[in-house]
Every structure is written in C-alpha cells, then in structure tokens.
Enquirer: 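Okay, here's the structure, questions in a sec.
Along the sequence shown, residues are numbered consecutively beginning with 1.
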Amino acid sequence: MSARALPAAAAAATTGLAWAAARRLAARPAGERWARTNHRGRPLTLLEGPALAVGALAGVAVASLPARARVGAALATAVAGALGAVDDLAGSADARGLRGHLGALARGRVTTGGLKVVGIGLGGLVGAAVLDGRGTDPDAPSVLDRLVAGAVVAGSANLVNLLDLRPGRALKAVLLLGHLVGGAGVPGSRPGAPLASAGAGAAAALLLPDLRERGMLGDCGANAAGALLGCAVLTRTRSRAARAAVLTALLALTGASERVSFTRVIEATPGLRELDRLGRAAPPAGSPTAPAAPATTPGP
C-alpha cells in the first residue's frame with residue numbers, strides 16, 4: 001500500500017470500529033446524552049462526531065509527515081473535537097453564530113460557543129506553530145504569519161461546522177475539499193495529501209450512516225474535520241499569499257453565513273442542489289425540505 005493511501009485506510013478502518021462502538025454506546029444510558037433529533041424530527045446520535053475525531057487522529061498518527069507536523073495537526077484536531085463535544089453536550093441556544101457568541105463574551109458572559117471560538121482559535125494557533133516549525137530558521141514565519149496560519153485552521157473548523165445542517169453535506173465537503181487540497185489529478189504524493197487523506201478516510205467511513213440519518217457530526221466531528229482540513233492546507237503551501245487568500249475566503253464565507261442561509265443558496269443553485277441531495281433519503285411530500293410541486297398552468 002502506498003504511503004499516500006495508508007492514512008486514509010487507517011482512518012477509515014479505525015473510524016469504522018469507532019462507529020460500531022458509538023452504536024453500542026447509543027443503546028446504553030451513557031448514549032442518551034448524545035441523542036438528538038434532526039431538522040426532520042428524526043432521532044439520531046451525535047456519537048458520529050467522536051467516531052470521526054478518533055478515526056481522523058488515527059490517520060494523522062500514521063501520516064507520512066515529519067513528527068512535528070503530525071503532532072501539530074493532532075493537537076489542533078483534538079482541541080477542536082474536544083471543545084466541539086463540550087458545546088454538543090452543554091451548549092444552549094441563547095447565543096447563535098460567531099457574532100452571537102462574541103457578543104456574549106463582550107458582555108462578560110461565557111457561553112460554550114464562546115469558549116469554543118477562543119479555544120479552537122488558540123488550539124489552531126499552537127497547532128499551526130508546531131506544524132510549521134522552523135523556530136530557529138532565519139526565514140521562520142513572522143508573528144503575522146503565525147496568526148494567519150492559526151486563523152486558517154480555526155476558520156476551516158468553523159466552516160465545516162456551518163455546513164453540517166443537512167445529512168451528508170459536511171462530509172461531502174470534507175471529501176471534495178480534501179481531494180483538492182491533497183492534489184487532485186496530480187501524480188505522486190503532495191505535501192497536503194497525508195492529512196487530507198486522514199480526514200477524507202474518516203469522512204468516507206461515516207458518509208453512509210450520515211446520509212441515512214442514523215447519526216450526525218455535531219460540533220465535535222465537524223470542528224475536528226475542519227481543523228484537520230485546515231492543517232492539510234498549511235502542509236500543502238508555505239506561501240504567505242496563498243494562505244492569506246485561503247483565510248480571506250474563509251472569512252468571507254463566515255461573514256456571509258451571518259446574513260445568508262447556505263441551505264437556501266445551495267437549494268437555489270443547480271449542480272450544488274443535486275450534489276447536496278445525492279444519496280440522501282427523499283423528504284416526505286409537503287415537508288419544508290421537499291421539492292416544490294411543479295406549477296400548473298390554468299386551462300383556457
């Protein structure tokens with residue numbers, strides 16, 4: 001097996017085992033804390049999130065990268081997953097969105113979402129610094145470079161979480177973006193491939209249960225997958241301009257999410273709409289997510 005395929009295979013196998021454990025836990029009292037209902041009112045478990053985080057970390061552990069890169073990526077991913085789990089289990093609906101949580105912090109009230117914003121930001125900053133290394137190198141990254149790298153990791157974690165609103169949507173994004181970051185269509189291994197493969201392998205292992213609405217990522221899984229994807233971006237490029245461009249795109253999408261519904265945009269965009277629905281169970285007729293019936297023209 002090639003070095004590029006090994007992380008994905010390990011992540012998929014480990015996530016499969018973690019998913020089996022999650023199903024067992026869901027049947028016990030401990031699993032009740034993770035029970036939720038989705039946008040269609042169907043019962044499911046959030047234990048898919050820890051399953052993805054465990055599988056992704058397994059892939060990172062065997063990634064064909066220098067030890068510092070594996071440690072940095074594992075740190076950022078683990079922090080994002082752990083804080084996401086805290087928000088899943090103890091979060092409230094009092095404050096929503098980045099603006100809501102930051103507003104609460106400005107008023108002196110700490111929400112689990114606010115804790116997650118700060119914690120994932122710091123975890124991304126430290127993880128990115130470890131991943132980049134070059135502490136004694138004359139050409140080591142500046143403070144600004146470090147901040148941009150950390151923000152890319154945190155912004156990626158937040159973006160995947162913003163997409164986790166419909167079955168399979170966030171996991172499809174992780175698969176597609178991971179393919180691009182890993183070097184789509186480019187022969188041979190690329191710097192971003194090992195970490196992208198770790199995330200993609202975990203996402204592939206959980207895609208079917210997610211589409212069948214047996215589980216969902218929640219903040220734990222979505223934040224972990226996004227943070228790992230951000231780390232893959234950092235290993236793919238050292239260019240200051242490229243990283244700044246990625247951060248600009250992440251900030252633009254995050255800002256747009258405060259004003260525009262991603263679901264409405266996806267549903268109104270041919271191609272995106274079909275990809276989003278691919279593999280998903282058809283909603284019941286008359287439900288808010290069911291396709292509208294074709295309009296009829298009155299007879300003469």
Enquirer: Sub-3.5 Å donor-acceptor pair from the side chain of Arg214 to the main-chain atoms of Leu211, do we have one?
Expert: no
Enquirer: Applying side chain to side chain contact (heavy atoms under 4.5 Å, CB included), run through Leu171 and Glu48 and close with a yes or a no.
Expert: CA-CA 11 Å; Leu171 290 173; Glu48 180 183 311; 3.8 Å; yes
Enquirer: Answer whether the closest heavy-atom distance between the side chains of Arg166 and Arg277 falls below 4.5 Å.
Expert: no
Enquirer: Taking C-beta and beyond as the side chain, do Leu176 and Leu275 meet within less than 4.5 Å on heavy atoms?
Expert: yes
Enquirer: Please check if Leu52 and Val160 belong to a single hydrophobic cluster, counting links between Ile, Leu, Val, Met, Phe, Trp and Tyr side chain heavy atoms closer than 4.5 Å.
Expert: no
Enquirer: Does Glu274 use its side chain to pair, donor to acceptor, with the backbone of Gly271 at less than 3.5 Å?
Expert: yes
Enquirer: To check you understand the geometry: which heavy-atom pair defines the closest contact between Pro167 and Glu213, and what is its length?
Expert: CG-CG, 3.6 Å
Enquirer: Taking Arg259 for the side chain and Gly255 for the main chain, is one N or O donor matched with an acceptor at less than 3.5 Å?
Expert: yes
Enquirer: Grouping I, L, V, M, F, W and Y whenever their side-chain heavy atoms are under 4.5 Å apart, do Val79 and Leu115 come out in a common cluster?
Expert: yes
Enquirer: Can you tell me how far the CG atom of Leu165 sits from the CD1 atom of Ile266, to the nearest 0.5 Å?
Expert: 8.5 Å
Enquirer: Please answer: with hydrophobic residues joined when any side-chain heavy atoms are less than 4.5 Å apart, are Val153 and Leu65 in the same cluster?
Expert: yes
Enquirer: Quick one, Leu125 and Val130 - any side-chain contact, counting heavy atoms below 4.5 Å?
Expert: no
Enquirer: Which heavy atom in Ala128 sits nearest to a heavy atom in Gly150, and how many Å separate them?
Expert: CB-N, 3.9 Å
Enquirer: Between Asn158 and Leu162, is there a side-chain heavy-atom distance shorter than 4.5 Å?
Expert: yes
Enquirer: State, with a plain yes or no, whether a side-chain heavy atom of Leu159 is found less than 4.5 Å away from one of Phe262.
Expert: yes
Enquirer: Donor-acceptor pair, Thr269 side chain versus Leu272 backbone, under 3.5 Å?
Expert: no
Enquirer: Which atom pair, heavy atoms only, marks the closest approach of Ala56 to Ala202?
Expert: N-CB, 3.9 Å
Enquirer: Checking Thr235 side chain against Ala232 main chain: does a donor-acceptor pair fall under 3.5 Å?
Expert: yes
Enquirer: Counting only heavy atoms from other residues, nucleotides and ligands, does the tally under 6.0 Å from CZ of Arg240 exceed 12?
Expert: no
Enquirer: How long is the span from the CG atom in Asp88 to the CZ atom in Arg33, to the nearest 0.5 Å?
Expert: 11.0 Å
Enquirer: Does Leu253 share a hydrophobic cluster with Leu163, counting links as ILVMFWY side-chain heavy atoms below 4.5 Å and allowing steps through other members?
Expert: yes
Enquirer: Where is the tightest heavy-atom contact between Ser156 and Gly230, given as atom of each residue plus distance?
Expert: OG-CA, 3.5 Å
Enquirer: Whether Arg280 and Asp276 form a salt bridge (side-chain N of Lys/Arg under 4.0 Å from carboxylate O of Asp/Glu) is what I want to check.
Expert: yes
Enquirer: May I ask you to decide if Val60's main-chain N or O and Arg70's side chain share a donor-acceptor pair within less than 3.5 Å?
Expert: no
Enquirer: Output the distance between atom CG (Leu278) and atom CZ (Arg169), rounded to the nearest 0.5 Å.
Expert: 13.5 Å
Enquirer: Output side-chain donor-acceptor pairs under 3.5 Å for residues 215-228, partner residues at least two apart or in another chain, one line each.
Expert:
| from | atom 1 | to | atom 2 | distance (Å) |
| --- | --- | --- | --- | --- |
| Asp219 | OD1 | Asn161 | ND2 | 3.4 |
| Asp219 | OD2 | Lys116 | NZ | 2.7 |
| Asn223 | OD1 | Lys116 | NZ | 3.4 |
| Asn223 | ND2 | Ala157 | O | 3.0 |

Enquirer: With clusters defined by side-chain heavy atoms of hydrophobic residues (ILVMFWY) lying less than 4.5 Å apart, directly or transitively, does Leu83 cluster with Leu57?
Expert: no
Enquirer: May I ask you to say whether Asp132 pairs ionically with Arg243, meaning some side-chain N is under 4.0 Å from a carboxylate O?
Expert: yes
Enquirer: Between Val246 and Leu250, does a side chain to side chain contact (heavy atoms under 4.5 Å, CB included) hold up when you go through it step by step?
Expert: CA-CA 6 Å; Val246 171; Leu250 290 170; 4.0 Å; yes
Enquirer: Whether the side chain of Arg68 engages the backbone of Leu131 through a donor-acceptor N/O pair (distance < 3.5 Å, no angle test) should be reported.
Expert: yes
Enquirer: Atom CG in Leu47, atom CH2 in Trp34: separation rounded to 0.5 Å?
Expert: 6.0 Å
Enquirer: Can you measure from CG (Leu175) to NE2 (His179) and round to the nearest 0.5 angstrom?
Expert: 10.5 Å
